[in-house]
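Report on the structure given below.
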Amino acid sequence: MTIRSFVLRQGRITAGQERAFAEHWPRYGLDASDALRLDARALFADDRDLNLEIGFGNGESLVQMAQATPDAGYIGIEVHRPGVGHALLAAAAAGLDNLRLIHHDAVAILRDHVADGTLARVQIYFPDPWPKARHHKRRIVQKPFTDLIWRKLRAGGEIHCATDWAEYAEWMRDVFASDDKWQNLGGADGYAPRPDWRPQTKFERRGERLGHGVWDLRYRKN
């Protein structure tokens, strides 16, 4: 699989975020080495549910979810270094022990470091919609990728996506609807209410005030 759904931008990283890498990466960070193995027993020494978020941004909602469900394990993957630094600071301030962060390409991590049938839930919130038609091939939600997710989820595991881009919501809905490996957990239109366990981000709340729509899509592995 060669999906490249992101562009690395030279975002400004603050001194505090850089310091977070030095001080908190040993506790929360996972390096993408050949030895990396992502399963609950390896990471948390038990068989808890393991939830993985792809592209967590600044980690705001991911840290809140980890706080709200301490008996579950969370892994966040993000390619943009300032966002990872921000999440490290938030995780340390909250004193979390059920969260691990990876600064790498999520497709490579899933392919090479997650055994099949491992994950309870995969979360993809507000991915880049790549709105221009010539860029649609860069959208992360397409069948080769959802096939990979399907393999990594345990029986009955779930993928949960959210977007504020109507055309991308339709795109994602059609990808899942055309594949009988997935059971729709939403309504007849393919969309689901936002579950209580997905916190709204500042970005999302601002969009709602401006009248923007948000679409959640939830599908279970058959």
Side-chain angles (χ1 to χ4, degrees), residues 1-6 37-41 47-56 61-62 65 69 72-78 102 104-199 204 213-222:
M1 181 185 303
T2 58
I3 298 171
R4 175 81 169 184
S5 64
F6 59 89
R37 183 167 60 92
L38 298 183
D39 64 61
R41 188 156 290 280
D47 294 318
R48 67 182 64 196
D49 287 350
L50 196 61
N51 303 318
L52 183 146
E53 182 166 341
I54 294 170
F56 59 73
S61 63
L62 178 61
M65 282 186 282
T69 49
Y74 287 84
I75 302 168
I77 306 176
E78 175 58 61
I102 300 174
H104 203 71
D105 176 7
V107 173
I109 294 296
L110 282 163
R111 183 189 62 220
D112 300 333
H113 302 287
V114 179
D116 291 353
T118 295
L119 302 172
R121 186 170 70 239
V122 172
Q123 305 169 173
I124 308 172
Y125 300 148
F126 305 98
D128 194 326
W130 293 105
K132 294 181 180 179
R134 70 177 183 271
H135 292 153
H136 284 182
K137 63 182 180 294
R138 305 196 72 164
R139 289 176 167 175
I140 194 168
V141 177
Q142 48 186 297
K143 192 172 185 302
F145 177 75
T146 59
D147 285 347
L148 175 64
I149 296 294
W150 188 90
R151 294 197 304 272
K152 303 306 174 180
L153 286 170
R154 70 187 187 192
E158 175 183 344
I159 184 169
H160 179 205
C161 305
T163 183
D164 64 337
W165 196 271
E167 192 270 335
Y168 196 14
E170 295 170 2
W171 166 289
M172 291 192 285
R173 179 194 62 189
D174 293 346
V175 168
F176 288 108
S178 64
D179 189 342
D180 61 10
K181 295 195 301 296
W182 298 101
Q183 176 190 354
N184 175 27
L185 298 180
D189 61 358
Y191 305 122
R194 178 180 64 86
D196 291 341
W197 41 259
R198 181 177 79 75
E204 184 180 358
V214 173
W215 294 266
D216 282 70
L217 303 94
R218 298 177 61 190
Y219 289 86
R220 176 179 292 141
K221 175 178 178 175
N222 275 334

- Query: Between Thr118 and Val114, is there a donor-acceptor pair closer than 3.5 Å when you use the side chain of the first and the backbone of the second?
  - Reply: no

- Message: Any non-hydrogen side-chain atom of Thr146 less than 4.5 Å from a side-chain atom of Val141?
- Response: yes

- Query: Does any non-hydrogen side-chain atom of Val122 lie less than 4.5 Å from one of Lys152?
  - Reply: no

- Message: With a 4.5 Å cut-off on side-chain heavy atoms, are Val214 and Arg194 touching?
- Response: no

- Message: Quick check with a 6.0 Å cut-off and a 45 degree axis cone: is Arg139 positioned over the face of Trp130's six-membered ring?
- Response: no

- Item | Shortest non-hydrogen contact from Ala72 toward Asn51 | CB-ND2, 4.0 Å

- Is there side-chain contact between Trp165 and Glu167, with at least one heavy-atom pair below 4.5 Å? yes

- Query: Going through the checks in order, is the side chain to side chain contact (heavy atoms under 4.5 Å, CB included) test met by Leu38 and Leu110?
  - Reply: CA-CA 9 Å; Leu38 298 183; Leu110 282 163; over 6 Å; no

- Go through the steps for Arg154 and Leu119 under the test side chain to side chain contact (heavy atoms under 4.5 Å, CB included), then give the verdict. CA-CA 6 Å; Arg154 70 187 187 192; Leu119 302 172; over 6 Å; no

- Is any side-chain heavy atom of Pro127 less than 4.5 Å from a side-chain heavy atom of Tyr168? yes

- Close side-chain approach of Gln123 and Ile54, heavy atoms under 4.5 Å: no

- Task: Would you check if the side chain of Trp215 reaches a backbone N or O of Ala166 as a donor-acceptor pair within less than 3.5 Å?
- Result: no

- Please report the closest heavy-atom contact between Met172 and Cys161, naming both atoms and the distance. SD-CB, 3.9 Å

- Between Arg220 and Trp182, is NZ or CZ placed under 6.0 angstrom from the six-membered ring centre and within 45° of the ring axis? no

- Task: State plainly whether the residues Arg41 and Asp39 are in salt-bridge range, i.e. N to O under 4.0 Å.
- Result: no

- Of all heavy-atom pairs between Gly186 and Ala192, which one has the smallest distance, and what is that distance? CA-CB, 3.8 Å

- Separation between CG (Asn222) and CH2 (Trp150), nearest 0.5 Å, reads 8.5 Å

- Query: Any idea how Tyr219 and Phe176 line up, ring-wise: parallel (<30°), tilted (30 to 60°), or perpendicular (>60°)?
  - Reply: parallel

- Smallest separation among heavy atoms of Ala169 and Leu217, with atom names: O-CD2, 3.8 Å

- Message: Working note: Val175 + Phe145, criterion side chain to side chain contact (heavy atoms under 4.5 Å, CB included); need CA distance, chi angles, decisive distance, verdict.
- Response: CA-CA 10 Å; Val175 168; Phe145 177 75; over 6 Å; no

- Task: Give the intermediate values and the outcome of side chain to side chain contact (heavy atoms under 4.5 Å, CB included) for residues Ile77 and Leu52.
- Result: CA-CA 8 Å; Ile77 306 176; Leu52 183 146; 3.9 Å; yes

- Pairing of Arg151 and Asp147 as salt bridge, 4.0 angstrom limit: no

- Query: With a 4.5 Å limit on heavy-atom distance, are the side chains of Asp216 and Pro193 in contact?
  - Reply: no

- Message: What I want to find out is whether Lys221 reaches Glu158 closely enough, with some N-O distance under 4.0 Å, to be called a salt bridge.
- Response: no

- Compare every heavy atom of Tyr74 with every heavy atom of Thr69, then report the nearest pair and how far apart it is. OG1-OH, 2.6 Å

- Item | Electrostatic pair Asp49-Arg121, nearest N-O below 4.0 angstrom | no

- Quick one: pull up CZ in Arg111 and CG in Asp105 and give me the separation to the nearest 0.5 Å. 7.5 Å

- Taking atom NE2 of His136 and atom CZ of Arg138, what is their separation to the nearest 0.5 Å? 13.0 Å

- Note on the structure: Tested for side-chain hydrogen bond (donor to acceptor under 3.5 Å, both in side chains) against Tyr125, the lone hit among Glu204, Glu53, His160 is His160

- Item | His113 side chain reached by Arg37 side chain, heavy atoms, under 4.5 Å | no

